[in-house]
Amino acid sequence: MPELSKAYNPQEFEQEIYRRWEASGLFSPDKLPLARHRKPFTISMPPPNITGELHMGHAFQLTLEDVLARYHRMRGDAVLWLPGTDHAAIATQVVVERELRKEGVDRHALGREKFLEHVWKWKEKYGQQIVEQTKRMGASADWSRERFTMDEGLTLAVNTAFKRLYDDGLIYRGERITNWCTACQTTISDLEVDHEETPGKLWYIKYPLTDGSGHITVATTRPETMLGDTAVAVHPNDARFAGFTGKTVRLPIVDRDIPIITDARIDREFGTGAVKVTPAHDALDYDLGQTHHLPIIRVIDLDGKILPEAGVEFYGLPVLEARQRVLDKLRELGVIEKEEDYIHAVALCSRSKTVIEPLLSKQWFLKVKPLAAKAIRAVRSGKIHLVPDQFEKIYFQWMENIHDWNISRQIWWGHRLPVWYRTRNGKEEVKISATSPGSSWTQDHDTLDTWFSSGLWTFSTLGWPRRTSDLKRFHPTTVLFTAKDILFFWVARMIMFSMYFLDEVPFKTVYLHGLVLDEHGKKMSKSKGTGVDPLLMSDQYGTDALRMSLIIGNAPGQDFRLYEKKIEGYRNFANKLWNVARFILAHERPTKKMAPVTLADKWILSRLETVTAMATKYIEAFDFSGAGQALYDFVWHDFADWYLEASKIHPNAGVLYTTLDAVVRLLHPFMPFVTEAIWSSVRPNDMLMGSAWPKTISAWKKYTAEVKQFDGLRDTVGAMRNFRAHSGLPASAPCHYIPTVPYDDDALLRSLSGASVQPVSRLTVDSRYENILLGHVHFQVERVYLERYEAWRQKERAGLQQYIAGIKDKLANDRFVVHAPANLVDEERKKLAGAERRLLEL
RNA sequence: GGGCAAUUAGCUCAGUUGGUUAGAGCGUCUCGUUUACACCGAGAAGGUCGUAGGUCCGAAUCCUACAUUGCCCACCA
């Protein structure tokens, strides 16, 4: 039997234990004993981006997943926790590009093929690193099924999905205004755009009527786009502009005559009620242009600079400079009526933080409305359950207002569109194919939005489009753990795709967790140095301590703060557990024979029964914090502080081992390393990981009544203090207690009840004192102080009596009993019973 | 502009369907080195539960406003 070393030292055994787990094959559902008879339980690991290292958010998510995976494995399920990594298209390309630039290498000089070689090298390096780090967290994932979003199989899935959507008429190519990031040199989807409130100006510009009969004033935040104006629009019912319709204005600077059009989409409240229309550089303006057949004049290029069409004097200027120049020119012309301060939501690229240019370009789009309809039903019908459920509302709201999804990107790293073109007789032909359909065809240069492949993740990783046994067995997956901020990016798309391609949900439950924040509630950031490195913490305090600190004190959907002190606290707990085990192993020989003798024996078994039931219930309800907290309290404050002390006087090896065995099993999903280490010192040929979750032993429940006395004993000191406070007794008031507990060991009683309060041997007979019984303990207190206690009690009783009378009245009323819904009547009855019970207690 | 969440001790958070005296950990203070553990033990101090109303015999909990903070969504140029 390997001895437990004197101090808890996690570095000594964590890595070794993980190797043993891996070697045991228990991570794979195929290798579990009786694998075929087990119920499948699947978690798809959200694939981390290969952009870099694991951060605390990953550690957090992995811990939650691992708790549930280990718990279900112990419950006898065929657990598949499928890990992988994500190619993270733009994110990775940007990082690798930056890396190359440091070496003086430019992506374009390198060329597509060579550049992609570099990215693959990066992927090998960081992908491997992420796997190693994931293992350090104790993740019990099935590495034999590890996937990468650009694996051959997953690429096949992507191409198949694309083709089916195209054939079904849901993917189309079209020229539209999209969000163009001038830094990333690609379009991005609406979701990748952040809106930031920025103080700016609203300029009012006078556009003179061509016929010289006056002018119309438009308001704009982007005066430089006026160079591409092709109309001015007003609301059709706007009386202010009744005489203007049909006329034209002469655009200042460019001296182009443009029409005044009317359209109901114009907001009469904004600015002057008249708006300049630039179809090439604004989404609404583009729509207006389509409706009213306006010409489209591009004035800004892909680099965010002014095109020659806008006039030689502005050619080549970046947008902001052009804005100043245009304003100067307008001022010269005296057509600026006024300018106002204006706070306005500027659209930024979420990756590069550069201002988005809405530009017209030819892109690929996915019609999502039909997909969304099914996805909405999946949640509404309860086939998918979101935890916490308030997210369902947000989900519906978003899904119901969903717009077409721009899926093409002008970057190199990613799944290249399986689209081929050739020109025949001056006509362009399009073919969807994973491989080249012939030498006359050329492939589209664009790649897919990274979330397109992620959307297929739950089933592409299981072999789809082939109908593999894994797909049949493990899909739909059971639970998805993910950050609440990617509900739309990822979760919604997975639901849409799974419903569309498989006609089944991708998962039954989605657990949405919050962000891990630092001590001050700020987002952890590596660049600002405010982050806490999970691996560093794991080195210093042990992975188990880190895991506990991530589990406890945190509710689903809620951000939470992590700080080193907290982790240290759970290191202390691991140490406590370690020493509990060491103490028991040092003093008693392991035994399976178990018979409770003393009150303390029965008490700890009864508590164990309760805490087992609680932990089970909490985990099933996804309240991992509640489960962890309950176990923590039990181990430290019941088992260690009380039972171990008591057992020094009346040792009972059977009960000690039974309890230790259960504790180690119960804590294993939370603290897998330390529990496995303790276990292996007793049963070296066995694995705790593969053992069974403790059952609740109903036989122990019957002790509950008996052990109340022990509970009472334990609470005596506290009860005393509370009684003082409640009755208004000052600390100096004489107050003694006479325990009525029939406990045979006076020494134990004294040692457990604390030194500050002494039991008195007899009830004192003195007119100043009153003897009262509170629970199982006699209190002897001065009369004066009791009056306040009595007064409070009277008030409570009176209130309750009045309440009870009220309910009785109601229940006596035939109209209520006959006509009210049954559950309402039941509720009243329940209230009545509760109130009556409380009255008796008083 | 719309929506969601949070507000409880100095700090980080629990507080189950309203129910006796609002809890824990950390920190602070006092005492204690009894061989499982000083990564320990026994105690103490510390809260008008964001504000103002309301419902109720009874509110941290339910309702209404407001305030503060954070997050998400959004083609008012």
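All figures in this text were calculated on a predicted structure; none of them were measured in a lab. Chain identifiers are assigned alphabetically (A, B, ...) following the order of the sequence lines, protein sequences preceding nucleic acid strands; residue numbering begins at 1 within each chain.
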Worksheet item: What's the CG-P distance between A:N401 and B:C72, to the nearest Å?
Response: 18 Å
Discussion item. At 4.0 Å (heavy atoms only), tell me whether A:K393 reaches a base, stays on the sugar-phosphate, or touches nothing.
Written reply: sugar-phosphate
Worksheet item: So what does A:Q558 hit on the nucleic acid, given a heavy-atom distance under 4.0 Å: a base, only sugar-phosphate, or nothing?
Response: sugar-phosphate
Worksheet item: Which dot-bracket string describes RNA chain B (Watson-Crick N1-N3 plus N6-O4 or O6-N4, or G-U N1-O2 and O6-N3, all under 3.5 Å; [ ] crossing; | other strand)?
Response: (((((((..((((.....[...)))).(((((.......))))).....(((((..]....))))))))))))....
Discussion item. What is the distance, to the nearest angstrom, from the CG atom on A:L288 to the P atom on B:C75?
Written reply: 15 Å
Practice prompt. Inspect the surroundings of CD in A:E196 and state if more than 12 heavy atoms from other residues, nucleotides or ligands are less than 6.0 Å away.
Written response: no
Item to complete: Describe the nucleic acid contact of A:R561 in one word from base, sugar-phosphate, nothing, applying a heavy-atom distance below 4.0 Å.
Response: sugar-phosphate
Worksheet item: Is a donor-acceptor pair below 3.5 Å formed from side chain A:E645 to base B:A36, judging by atom type as modelled?
Response: yes
Discussion item. Restricting to salt bridge (charged side-chain N to carboxylate O under 4.0 Å, His left out), what partner residues turn up for A:K206, sequence neighbours left out?
Written reply: none
Worksheet item: Does one side chain, of A:W203 or A:E339, offer a donor that lies under 3.5 Å from an acceptor on the other?
Response: yes
Fill in: Sugar-phosphate, base or nothing in reach of A:K648, heavy atoms under 4.0 Å
base
Worksheet item: Distance between the P atoms of B:C13 and B:G18, in whole angstroms?
Response: 26 Å
Worksheet item: Going by atom types alone, do A:H403 and A:D190 pair a side-chain donor with an acceptor below 3.5 Å?
Response: no
Worksheet item: Atom CG of A:D190 and atom C1' of B:C75: how far apart are they, to the nearest Å?
Response: 8 Å
Worksheet entry | Most 5' of A:K484 and A:L202 on RNA chain B, judged by nearest nucleotide | A:K484
Item to complete: Ignoring backbone atoms, establish whether A:N579 has a side-chain N or O less than 4.0 Å from OP1 or OP2 of B:C39.
Response: no
